[in-house]
Amino acid sequence: MIIDIKNLKKAFDNGKIVALDGVNLQVDEGEFISIMGPSGSGKSTLLNMIGALDRPDSGMIKVAGRDLMKEKNLSSFRAREIGFIFQLHNLIPNLTVLENVEIPMFEGPYKDNMDERAMELLEYLGLADKADRKPSELSGGERQRVAIARALANDPSIILADEPTGSLDSKTEKRILEKLKELNREHDVTIVLVTHDPRVASMASRIIKILDGKIVGG
Amino acid sequence: MKFSQLILKNPFRNKIRSVLAIIGIAIGIATIVALGVITEGLKESTQETLRAGGADFTILESNTSGMLQSTINEDYVDKVDNISGVKESVGVLTSVQPIKDNPYFIVIGIDPSRIGLSQIKIKSGRSIKTPDEIIIGKVAAERLNKTIGDKISIKGENYKIVGIFESGNIQEDSGAFMSLKRLQEIEGKKGKVSMIYVKAEKNANIEKIREQIEKKYGENLTTIASLEDLQSANQGIKTVDAASWAISLLAIIIGGIGVVNTMIMSVFERTREIGVLKAVGWKNRRILTMILGESLILTLIAAIVGSLMGVAAIQILMHINMGGFIKPVYTPEIFLKAFTVAIFVGILGGFYPAYRATRLEATEALRYE
């Protein structure tokens, strides 16, 4: 079990807004799951908890063998275990595609051969010829593929994708999702994908539904 | 990509803002450099004046504010002469005369027979003999475009140039020497001199001679052998030094505010990007180092630009009119000070913005539009 969550709670604004209201979730290594729910349901908060971007108020959360309620070095946990893909690609505009892919490597195992590793990833995503371009010279789909390459930079055990195709047209969306699926199938990377779109969610092997901070089905 | 390369790229994402910040700090640095060069020049030329030729020390009026303000009764020259150990002494009168377009032409009156006690070397012609004769420094000769045989007019009277000298002291080299008696008449200072150059006997204890003079005539006279002695009597250099530090401090504050402002803007604009850096696992220390590094790059460029600007400003000043007044003296310490200030401002100004960047909540930062 790579993700083990029990009775996880998180509230904002001094308890006025309850984002997670006792969530239980177990994910096995190599699974591709989607978390589906309307906006404000708590799905992004749950993803942030798994990625250790935010601390829960109470409950239990273990990811990749680490107890995130107790873990002190969260930044190193993120660097080694987690690859984030955001709705907006969030690439750094003044850096080249290659350099953007290298950004996480400063804190990871490839810091001494960044260029090699980054080129390898760009080749895998079919972007080798774009390595020296700036993000602004790329199409939306290409940028999101760069973001995937960046998420893979440190060989993470889990990819967390928050509406990764939210700003893409349906044709590009399909290609990106297929790439994620291939990644999961061929490289055994666990993928947790958050979306409000049932079509996107159906790409996963398991769909978790969340509403008002509670898991309601899956 | 190296981390240092990443740091180098960031300050120039907003070129105009960075250039403006750099100019702001560079002006401060230029001021520090220019003032430093002038202060050093002032110190050196004062030092040279005190070490006139063969003189071992100089006597000034006590509690005077400077060499040009000092006035001593001429009869002290003989009194000093009689003190044991003194070989020779000569009284000189220093005055500022407007000549042509130079309002600061320094004319020194000296007994022609004792001119050897000043440090001047006659380059061409001969020394003065009569009250109608004058010798001018080589810088003055160039500036006034005069040579031996020409006349020079002081207070409506003409004096014949009989020689051109060189002393190495910029103030003297752009001025003139003439007979003490005549200069006293011109200035209305009969029986008065500005200072006395004293030469001791060989093997005499100079400190003992100075002690004796201070003991006997301490109420009216003070002896000066070095700039350090002068600083106790001469507030002028102290004031320039203090002003130079005050302006430097001001430059640090103004430059620092500029850096803080620029870096806060830069961090603010990159809120989401910093969120991404946190999400991919960057440690707070790395984010702090990056922002501090960017701030240091701004101030180091400013230090280079500012040093060049300062030197250029001095060169322009020399060209315009100050040339005869102050000799620029460049020391490594001046530039060391400029770079130290720049690094200080870079770290100080970058620290708060960098700290703020590390305090950003990753989830908030990623939501930031």
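Worth knowing before you read on, the calculation uses all heavy atoms, side chains too, and leaves out hydrogens, waters and symmetry mates. Order of the sequence lines fixes the chain letters, A, B, ..., with proteins taken first and strands second; residue numbering starts at 1 for each chain.
- Counting non-hydrogen atoms of other residues, nucleotides and ligands closer than 6.0 Å to CG of A:Asn24 gives a total above 12.
- For A:Leu88, the part lying under 4.5 angstrom from a heavy atom of chain B is the side chain only.
- Only the side chain of A:Asp115 comes within contact range of chain B, with at least one heavy atom under 4.5 Å from a heavy atom of that chain.
- The side-chain heavy atoms of B:Arg13 and A:Ile92, taken from C-beta on, include a pair separated by under 4.5 Å.
- Scanning residues 330-358 of chain B against chain A with a 4.5 Å non-hydrogen threshold yields no residues.
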Check: Please walk me through it: do B:Gln5 and A:Glu99 pass side chain to side chain contact (heavy atoms under 4.5 Å, CB included)?
Finding: CA-CA 10 Å; B:Gln5 284 175 300; A:Glu99 289 164 340; over 6 Å; no
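- A heavy-atom distance below 4.5 Å is found between the side chains of A:Phe106 and B:Leu6.
- Within the 4.5 Å cutoff, the side chain of B:Trp282 has heavy atoms near those of the A:Ile103 side chain.
- Taking CG from A:Leu53 and OG1 from B:Thr363, the interatomic distance works out to 7.0 Å, rounded to the nearest 0.5 Å.
- The candidate with the highest count of non-hydrogen atom pairs below 4.5 Å against chain A, out of B:Leu277, B:Val276, B:Asn284, is B:Val276.
- By the neighbour-count criterion of 12 heavy atoms within 6.0 Å, atom CD of A:Glu29 is sparsely surrounded, having that number or fewer from other residues, nucleotides or ligands.
- Residues of residues 144-164 of chain A having a heavy atom under 4.5 Å from any heavy atom of chain B, listed by number: A:Arg150.
- The two atoms that bring B:Lys283 and A:Ser75 nearest to each other are CG-OG, 3.5 Å, heavy atoms only.
- With sequence neighbours excluded, the residues satisfying side-chain hydrogen bond (donor to acceptor under 3.5 Å, both in side chains) with B:Arg367 are B:Glu364.
- Between B:Met1 atom CE and A:Met105 atom CE the span is 9.0 Å, to the nearest 0.5 Å.
- Residues of residues 262-273 of chain B that come within less than 4.5 angstrom of chain A, heavy atom to heavy atom, are B:Arg272, B:Glu273 in numerical order.
- Using a 4.5 Å cut-off on side-chain heavy atoms (C-beta onward), B:Val280 and A:Ile82 make no contact.
- A:Met114 is not listed as a side-chain neighbour of B:Lys2, based on a closest heavy-atom distance of 4.5 Å or more.
- Counting non-hydrogen atoms of neighbouring residues, nucleotides and ligands closer than 6.0 angstrom, the NZ atom of B:Lys9 exceeds 12 such neighbours.
- The structure places CG of B:Leu366 at 12.0 Å from CD of A:Gln87, a figure rounded to the nearest 0.5 Å.
- Contact count against chain B (heavy-atom pairs under 4.5 Å) is highest for A:Pro104 among A:Gly108, A:Gly51, A:Gly83, A:Pro104.
- Crowding of B:Gln315 atom CD: a count of heavy atoms from other residues, nucleotides or ligands under 6.0 Å exceeding 12.
- For A:Phe86, the part lying under 4.5 angstrom from a heavy atom of chain B is the side chain only.
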